[in-house]
Amino acid sequence: MSNTAEIEPIPFSTTLHVRDTCLCLHVQRAARALARRFDNAMKPIGLTNGQFSLMMSLNRPEPASMGSVVNVLAMDRTTLTAALKVLERRGLVKTAVDPKDRRGKLLSLTDDGMALLSAALPIWVRVHGELDAELGGDVERLRETLALVK
């Protein structure tokens, strides 16, 4: 690609076609809109939707391994570590060395973390109810369809 004169321009109609049909673009736009909606709803209690999801993934009878949380949230370890640091500094999450594997960490909510998660849950339920009503139709089918994407 050293000679730009040889490159065929892409017609604007192709740009419009991609804009209108690209699944990735449509899902990203919807994800950003949903994230903003939940972020705005949870702002009064000082949480983002991502922090809520992370904290909810730690709401387990036993501490969670990093790997299990990475799998639930479909994020990489570096991103998870950065997100955990913020919650740890706020005293909402604690990490401990995994006694079965000293290289691993176990993650759990603190009492303050559980209290904040409990305050956030009714907000999540309300916003989800609003979305279900707005979207109408078979929202469960949408969830199932999205879960097929791997």
*Should the pair Arg103-Asp101 be classified as a salt bridge under the 4.0 Å nitrogen-to-oxygen rule?*
yes

*State, with a plain yes or no, whether a side-chain heavy atom of Leu107 is found less than 4.5 Å away from one of Pro63.*
no

*Do Thr95 and Leu106 have side chains that get closer than 4.5 Å, going by heavy atoms?*
no

*For Leu23, look at atom CG and say whether over 12 heavy atoms of other residues, nucleotides or ligands are found less than 6.0 Å away.*
no

*So Phe52 and Trp124, would you call those rings parallel, tilted or perpendicular, with 30° and 60° as cut-offs?*
parallel

*Interatomic spacing from CZ in Arg37 to CE in Met42 - rounded to 0.5 Å*: 12.5 Å

*Taking all atoms of both residues into account, what is the closest heavy-atom pair of Arg126 and Ala41, and its distance?*
NH2-CB, 4.0 Å

_Intermediate values then yes/no, side chain to side chain donor-acceptor pair (under 3.5 Å), Ser68 and Arg60_ = CA-CA 11 Å; Ser68 67; Arg60 306 172 183 212; 3.1 Å; yes

*Step-by-step side-chain contact (heavy atoms from CB on, under 4.5 Å) determination, Ser108 to Val93*: CA-CA 6 Å; Ser108 57; Val93 170; over 6 Å; no

*If you count the non-hydrogen atoms of other residues, nucleotides and ligands that lie under 6.0 Å from CG in Leu135, is the total more than 12?*
yes

*asked:* With a 4.5 Å cut-off on side-chain heavy atoms, are Met55 and Met114 touching?
replied: no

*Taking the side chain as every heavy atom from C-beta outward, state whether Leu116 and Arg90 have any atom pair closer than 4.5 Å.*
yes

_I'd like to check Leu109 versus Met56 (side-chain heavy atoms, cut-off strictly below 4.5 Å). Are they in contact?_
no

*asked:* Strictly below 4.0 Å, N to O, side chains only: are Arg143 and Glu140 in salt-bridge contact?
replied: yes

*Atom pair CD (Glu6) and CD (Glu8), whose distance is rounded to the nearest 0.5 Å*: 10.5 Å

*Working to the nearest 0.5 Å, report the span between CG of Leu121 and CG of Asn59.*
9.0 Å

_Residue His17 excluded, over 12 heavy atoms near NE2 under 6.0 Å_ = no

*For residues Leu58 and Ala64, report the shortest heavy-atom separation together with the two atoms involved.*
CD2-CB, 4.0 Å

_Flag, side chain of Thr14 to backbone of Ile10, donor-acceptor distance under 3.5 Å_ = no

*Under the salt bridge (charged side-chain N to carboxylate O under 4.0 Å, His left out) rule, collect the residues that match up with Asp20, sequence neighbours excluded.*
none

*Would one find more than 12 heavy atoms of other residues, nucleotides or ligands at under 6.0 Å from atom CZ of Arg29?*
no

*Side-chain contact test, heavy atoms from C-beta onward, threshold under 4.5 Å: evaluate it for Asp98 versus Met66 and give yes or no.*
no

*If only atom types and distance count, is the side chain of Thr110 paired as donor or acceptor with the main-chain N or O of Leu92 below 3.5 Å?*
yes

*What closest approach, in Å, do Val70 and Met75 show between heavy atoms, and which atom pair accounts for it?*
CG1-O, 2.9 Å

*With hydrophobic residues grouped by side-chain heavy-atom distances under 4.5 Å, do Leu25 and Val149 end up in a single group?*
no

_For the student: nearest non-hydrogen atoms of Val69 and Ser57, plus distance_ = CG1-OG, 3.6 Å

*Apply side-chain contact (heavy atoms from CB on, under 4.5 Å) to Lys94 and Lys105, showing your working.*
CA-CA 10 Å; Lys94 62 184 172 190; Lys105 291 183 181 178; over 6 Å; no

*Any salt bridge between Asp39 and Arg32, counting N to O under 4.0 Å?*
no

*Check the pair Thr81, Thr78 against side-chain contact (heavy atoms from CB on, under 4.5 Å), reporting the backbone distance first and the verdict last.*
CA-CA 5 Å; Thr81 299; Thr78 304; 5.8 Å; no

*Test item: Leu47 and Phe38 side chains (from C-beta on) under 4.5 Å apart, heavy atoms*: no

_CG on Asp112 to CG on Leu117, rounded to 0.5 Å_ = 12.5 Å

_Side chains of Gln51 and Leu87 in contact at under 4.5 Å (non-hydrogen atoms)_ = yes

